[in-house]
There are 2 protein chains.
Amino acid sequence: MPLPVRPPRGYRSEIDIKLSPDPAGPYAGAMPTIYEVASLAGVSPATVSRVINGLPVSGAYAERVRAAATKLNFTPNPTARRLRRRSSQVLALIIPTIENPFFTSLARGVEDVAQGAGYSLVLCDSDERHDKESTYLDVALAEHMAGVVLVPATNHPRLARLLERRTPVVSVDRSIRGTEVDSVLLDNREVARSATERLYARGFRRVGCITGPRETETAQQRADGWREVFSRHHPRTDPERYLRHADFRVAGGRDAMASLLTTRRRPDAVVVTNNSMTVGALETLQRERISPAEMGLACLGDLPYSVLQRAGVEVLPLPARSLGAAAARLLLDRIGGAEGPAQRIVLPIGGGPAIPDR
Amino acid sequence: MPLPVRPPRGYRSEIDIKLSPDPAGPYAGAMPTIYEVASLAGVSPATVSRVINGLPVSGAYAERVRAAATKLNFTPNPTARRLRRRSSQVLALIIPTIENPFFTSLARGVEDVAQGAGYSLVLCDSDERHDKESTYLDVALAEHMAGVVLVPATNHPRLARLLERRTPVVSVDRSIRGTEVDSVLLDNREVARSATERLYARGFRRVGCITGPRETETAQQRADGWREVFSRHHPRTDPERYLRHADFRVAGGRDAMASLLTTRRRPDAVVVTNNSMTVGALETLQRERISPAEMGLACLGDLPYSVLQRAGVEVLPLPARSLGAAAARLLLDRIGGAEGPAQRIVLPIGGGPAIPDR
DNA sequence: AGCTTCGCAGGAATCGATTTCTCGGTCAAG
DNA sequence: CTTGACCGAGAAATCGATTCCTGCGAAGCT
């Protein structure tokens with residue numbers, strides 16, 4: 001039985017023909033390689049590789065290889081494999097902040113699916129910054145990641161190089177303009193509409209809105225949904241008087257609410273378009289000793305531990321986990337070779353399955 | 001000027017001597033390699049490597065290489081580098097759940113430091129499960145990660161193989177028994193003591209305690225701190241009557257509080273040893289319509305957005321971010337080759353710098 | 001001037017797996 | 001019985017960077 005060309009690592013064969021382990025060497029405790037498995041099984045490394053990857057190998061050989069691999073507790077070195085294959089079993093997930101539970105839920109959704117399909121996940125926090133986002137996209141490229149799930153921090157993430165290399169990218173929660181990329185989104189307009197309706201249904205007379213930055217798509221869509229219902233109730237009032245743009249953070253919500261309170265004929269209820277800003281809005285209300293009856297609040301998105309509910313806030317949970325799961329499934333499809341134009345999946349907001357299970 | 005031995009990828013040189021780009025080939029859009037840089041600079045790949053890694057190279061050559069690298073926008077392929085060097089610039093952070101803000105803050109702390117030192121971070125969620133934790137540890141091993149920051153899900157994480165390979169591991173928040181591993185911990189006993197004292201200071205007469213699982217070290221230590229103060233106030237009472245073990249989750253806190261309420265001569269205040277259980281405890285109290293004055297609560301750890309504070313809970317914030325940062329610094333020291341016995345860093349709870357800055 | 005030393009760049013081996021190519025052997029058809 | 005197709009395993013190239021080793025040339029020393 002011929003030995004592999006290269007002596008297995010940790011063995012010396014230059015002068016001694018007899019191969020002997022070198023336990024004092026720098027490789028003590030290292031993982032076995034395919035060469036060691038091949039040598040133990042009395043086959044070539046190529047055959048071991050074939051067995052591992054399920055390529056046709058005659059039964060007897062396959063059995064010997066499997067036995068040897070088990071005995072040595074062999075795991076293929078993912079780095080070597082990645083170098084050769086030019087691809088890996090790793091996905092990147094880039095979120096704007098790990099500290100908002102909405103995104104951690106989304107991350108769970110992605111992870112569940114990735115995990116189930118044998119992929120690892122690298123979680124990256126772009127901190128809502130274009131530069132950090134770009135850096136992580138470069139990392140994904142350099143690391144030959146199999147795909148990227150991206151919650152874009154800006155309207156124009158730097159995807160060009162990634163797409164050139166045909167690395168699948170799926171955007172979640174926010175879409176990307178001008179680039180053909182799959183996306184999984186919420187029906188933001190509908191959620192906002194529904195939140196506004198609920199406040200009117202509860203008897204409030206004039207419902208204002210606090211939304212996110214002007215240039216952010218989700219913020220606009222949610223404001224649009226509110227505006228639609230508002231205008232129906234107050235056809236002769238300019239809705240913009242009752243709309244505030246903030247930054248999707250606690251402090252922004254705080255200030256926006258303070259500003260709304262000073263409005264002439266101020267609103268008696270407010271739709272706040274994300275969870276963090278609602279916390280800020282609540283803070284202002286509590287500071288001003290304004291009760292939930294005097295000023296109704298609706299919040300798009302949830303905060304765990306029912307904080308908001310307890311304060312009398314009308315909460316419209318968003319399916320963050322489903323969003324992540326759907327994005328991951330779409331990404332895996334593309335990685336699996338699915339062709340066709342970029343898809344745009346809009347999740348129903350009422351709960352229910354994200355996309356049909358397979 | 002001799003050409004490199006291997007023709008650069010994407011070029012053919014078998015029949016034509018003239019090297020010409022092959023834009024239709026499968027490598028369109030691929031990243032440049034060190035061979036291409038070498039060829040453009042008219043030097044050997046070895047020299048390019050030296051320049052990139054800051055090894056001594058004469059000025060003129062170095063300049064040519066740098067120019068070529070810049071022109072081609074060259075980034076060394078981390079996979080190839082990792083294979084050769086048998087190590088990477090990636091850290092793993094394994095936390096029990098991404099959905100507890102305590103751990104996301106901790107993650108931020110780790111990330112800040114890692115990022116600053118040029119390391120990437122892979123965030124893994126063990127879901128408090130031994131098997132998932134083991135899997136991630138195996139991944140860290142196989143991926144040649146530079147080090148691991150671990151919040152152990154169990155008392156005996158399977159670190160053996162990682163340590164054999166001399167991969168540095170730092171445990172955070174919870175320590176590991178019987179294994180020589182650096183750890184960064186909180187003074188759990190002191191935090192609990194302090195929380196208990198505060199409730200007595202506020203005038204409560206009998207302070208009970210809800211802590212985590214019996215076999216969890218942090219749960220024990222925190223219970224010990226409470227027990228110490230309790231026994232000082234009630235020398236002739238068996239503290240165990242006023243102690244409940246739950247599971248560190250919301251439901252556990254809910255049930256434990258319900259159980260405490262039925263105690264003969266029930267407590268008029270309770271120290272709850274983590275944030276999630278406090279939410280559960282609050283739920284029970286609100287369901288029973290028991291006011292904050294009737295039943296005081298203290299919580300070890302924070303929940304963002306001041307939920308707890310608003311409910312009259314005495315909150316003792318824990319320095320999660322510092323914990324993560326300190327762990328990361330310790331890990332980077334070890335990666336940098338720091339020798340010596342395993343360290344055990346206990347952070348002060350009052351805030352202030354985690355460990356002296358350098 | 002001759003010899004050693006030293007610095008520095010190139011050649012080639014190397015990391016560990018995958019994959020193409022090659023070739024010996026088997027079987028079927030002529 | 002010979003020849004061609006085919007199957008399957010081994011040999012070797014390959015992925016892209018690092019690093020050991022060799023050797024050239026310049027500088028220093030006697």
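All values below come from the heavy atoms of this structure, side chains included, with hydrogens, waters and symmetry mates left out. Note on naming: letters A, B, ... go to the chains in the order of the sequence lines (proteins, then strands), and numbering restarts at 1 for each one.
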Q) Would you say C:dG16 has OP1 or OP2 under 4.0 Å from some side-chain N or O of B:R86? A) yes

Q.
Closer than 3.5 angstrom, by distance alone: can the side chain of A:R174 be matched with the main-chain N or O of A:P152 as a donor-acceptor pair?
A. yes

Q: Measure across B:A146 and B:L91 and return the closest heavy-atom pair with its distance rounded to 0.1 Å.
A: CB-CD2, 4.1 Å

Q) Think A:R81 has a side-chain N or O under 4.0 angstrom from the OP1 or OP2 of C:dT18? A) yes

Side chains of residues 68-80 of chain A: which donor-acceptor partners sit under 3.5 Å, not counting sequence neighbours?
unit_1, atom_1, unit_2, atom_2, d
A:T70, OG1, A:R66, O, 2.7
A:N77, OD1, A:T79, N, 2.7
A:N77, OD1, A:A80, N, 3.2

Q) When the distance from CG of B:L83 to C1' of C:dT14 is rounded to whole Å, what number comes out? A) 9 Å

Q: Check the distance between D:dT18's P and B:N77's CG and give it to me in whole angstrom.
A: 10 Å

Q. Should B:R84 be listed as having a side-chain N or O under 4.0 Å from OP1 or OP2 of C:dT14?
A. no

**Q.** Pair A:E180 + A:R334: basic N to acidic O under 4.0 Å
**A.** no

(Q) How many whole angstroms separate atom CZ of A:R85 from atom C1' of D:dG16? (A) 17 Å

**Q.** Atom-to-atom span, CD of B:E143 to C1' of C:dA17 - whole angstrom
**A.** 14 Å

(Q) Hydrogens and angles aside, do B:H144 and B:R165 bring a side-chain donor and acceptor to less than 3.5 Å of each other? (A) yes

Q.
Please tell me whether B:E36 and B:S39 have a donor and an acceptor in their side chains that are separated by less than 3.5 angstrom.
A. no

Q) D:dA9 phosphate, OP1 or OP2: any side-chain N/O from A:S58 under 4.0 angstrom? A) yes

Q: Can you tell me the distance, in whole Å, between the CZ atom of A:R64 and the C1' atom of D:dA9?
A: 11 Å

Q | Sorted by number, the residues of residues 47-57 of chain A with heavy-atom contact under 4.0 Å to DNA chain C | A | A:S49, A:R50, A:N53

Q) For the pair made of OH in A:Y61 and P in C:dG25, what is the distance, rounded to whole Å? A) 12 Å

Q: Please report, rounded to the nearest Å, how far the C1' atom of C:dA17 is from the NE2 atom of A:H144.
A: 15 Å

(Q) Using a 4.0 Å heavy-atom cut-off, does A:T75 contact any base of the nucleic acid, only the sugar-phosphate backbone, or nothing at all? (A) sugar-phosphate

**Q.** Length of the line joining A:I34:CD1 and C:dC15:C1', which is rounded to integer Å
**A.** 14 Å

Q. Are any of B:S44's side-chain N or O atoms less than 4.0 Å away from OP1 or OP2 of C:dG10?
A. yes

Q. Residues in salt bridge (charged side-chain N to carboxylate O under 4.0 Å, His left out) with A:R50, at least two apart?
A. none

